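Down below is the structure, laid out as structure tokens.
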Amino acid sequence: MPVPEFVVRLRQRIGHEQLWLPAVTAVVVRGAGADREVLLVQRADNGRWTPVTGILDPGEQPAVGARREVLEETGVEVSVDRLVATSAGPPVTHVNGDLAVYLDLTFACTWLAGEAHVADDESAAVRWCPVAEVDAALDVPAHRERVAAALSGEVGARFRV
């Protein structure tokens, strides 16, 4: 997975020390009723299916970052409809030894245009998954929770206490 340039510069100064990084998850939905589908990407680094995720650039508005990540990774244009969940993940040790904790902002998004395809080297595959099959496709509980929050139709964002 490509590391954002600002993270590369930070790592040159602090080495593998833990970073607190803002991130977004975009749960993209198209269709209605029984035909509703969620856009999933298969990560190139570990083969897992996930919603679109990414690190925000310094100063980037979170909703803008969510829309950017979806376009960069899948070629799909979306509207970012609402914030549906916030959470801090557990500490992560990357394969190179870098430590990080991600503050995730999850957004419900609606497909507007574009044929979903692998648009960068972060993903091995992209697909539309029927809502009824999403839980089986996602093996990370946090990703299932984020998708459930986006599909819930709740007005307020979910958060952990």
Side-chain angles (χ1 to χ4, degrees), residues 1 4 7 18-92 94 100-120 122-161:
M1 310 279 298
V7 174
Q18 189 173 80
L19 283 176
W20 173 253
L21 293 168
V24 292
T25 297
V27 179
V28 181
V29 177
R30 75 173 181 184
D35 294 329
R36 209 159 52 148
E37 301 173 302
V38 175
L39 183 63
L40 300 179
V41 296
Q42 185 180 35
R43 292 175 53 115
D45 62 346
N46 63 21
R48 288 185 163 152
W49 287 96
T50 72
V52 175
T53 62
I55 298 171
L56 292 171
D57 292 332
E60 184 175 34
Q61 293 296 326
V64 172
R67 186 173 36 248
R68 174 186 54 77
E69 287 289 344
V70 174
L71 185 60
E72 285 178 358
E73 294 184 22
T74 70
V76 167
E77 295 179 38
V78 300
S79 65
V80 178
D81 304 325
R82 69 187 193 289
L83 177 69
V84 297
T86 66
S87 62
V92 174
H94 292 281
V101 174
Y102 296 93
L103 169 64
D104 180 76
L105 304 170
T106 300
F107 292 94
C109 303
T110 302
W111 172 86
L112 295 176
E115 292 297 322
H117 64 278
V118 174
D120 65 13
E122 294 184 42
S123 302
V126 174
R127 70 176 173 130
W128 288 101
C129 182
V131 167
E133 298 172 19
V134 169
D135 277 355
L138 303 176
D139 61 352
V140 175
H143 292 152
R144 288 194 295 270
E145 291 170 13
R146 293 170 190 169
V147 171
L151 296 175
S152 73
E154 296 169 359
V155 176
R158 295 180 181 184
F159 54 93
R160 294 183 186 164
V161 290

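Source: prediction; values computed, not measured. When a residue number appears, it is its place in the shown sequence, counting from 1. The figures that follow rest on heavy atoms only: side chains count, while hydrogens, waters and symmetry mates do not.
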Are any of the side-chain heavy atoms of [X] and [Y] separated by less than 4.5 Å?
X: Glu69; Y: Thr53; value: no
X: Val140; Y: Thr50; value: no
X: Leu39; Y: Val78; value: no
X: Glu122; Y: Val41; value: no
X: Val147; Y: Pro51; value: yes
X: Leu40; Y: Leu138; value: yes
X: Val7; Y: Leu21; value: yes
X: Asp120; Y: Glu73; value: yes

For [X] against [Y], the heavy-atom pair lying closest together:
X: Leu83; Y: Thr106; result: CD1-O, 3.4 Å
X: Val101; Y: Gly89; result: CG1-O, 3.4 Å
X: Ala26; Y: Val70; result: CB-CG2, 3.4 Å
X: Trp49; Y: Ala137; result: CB-O, 3.5 Å
X: Arg48; Y: Asn46; result: N-OD1, 2.9 Å
X: Pro62; Y: Val24; result: O-CG1, 3.7 Å

Mark yes when over 12 heavy atoms from residues, nucleotides or ligands other than Gln61 sit less than 6.0 Å from its CD; otherwise mark no.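 Atom CD in Gln61 is not packed in, count stays at 12 or less.
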Does a salt bridge link Glu145 with Arg158, judged by any charged N lying under 4.0 Å from a carboxylate O?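 Looking at Arg158 together with Glu145, the answer is no, because their closest N to O distance does not fall below 4.0 Å.
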Could you go through the side-chain contact (heavy atoms from CB on, under 4.5 Å) check for Val29 and Asp81 one step at a time? CA-CA 11 Å; Val29 177; Asp81 304 325; over 6 Å; no
Point-to-point distance, once rounded to the nearest 0.5 Å, from [atom1] of [X] to [atom2] of [Y]:
X: Thr25; Y: Leu105; atom1: OG1; atom2: CG; result: 8.5 Å
X: Leu71; Y: Leu112; atom1: CG; atom2: CG; result: 11.0 Å
X: Cys109; Y: Arg30; atom1: SG; atom2: CZ; result: 15.0 Å

Ignoring hydrogens and geometry, is there a side-chain-to-backbone donor-acceptor pair from Arg82 to Ala150 under 3.5 Å?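 Yes, because the side chain of Arg82 sits within donor-acceptor range (under 3.5 Å) of the backbone of Ala150.
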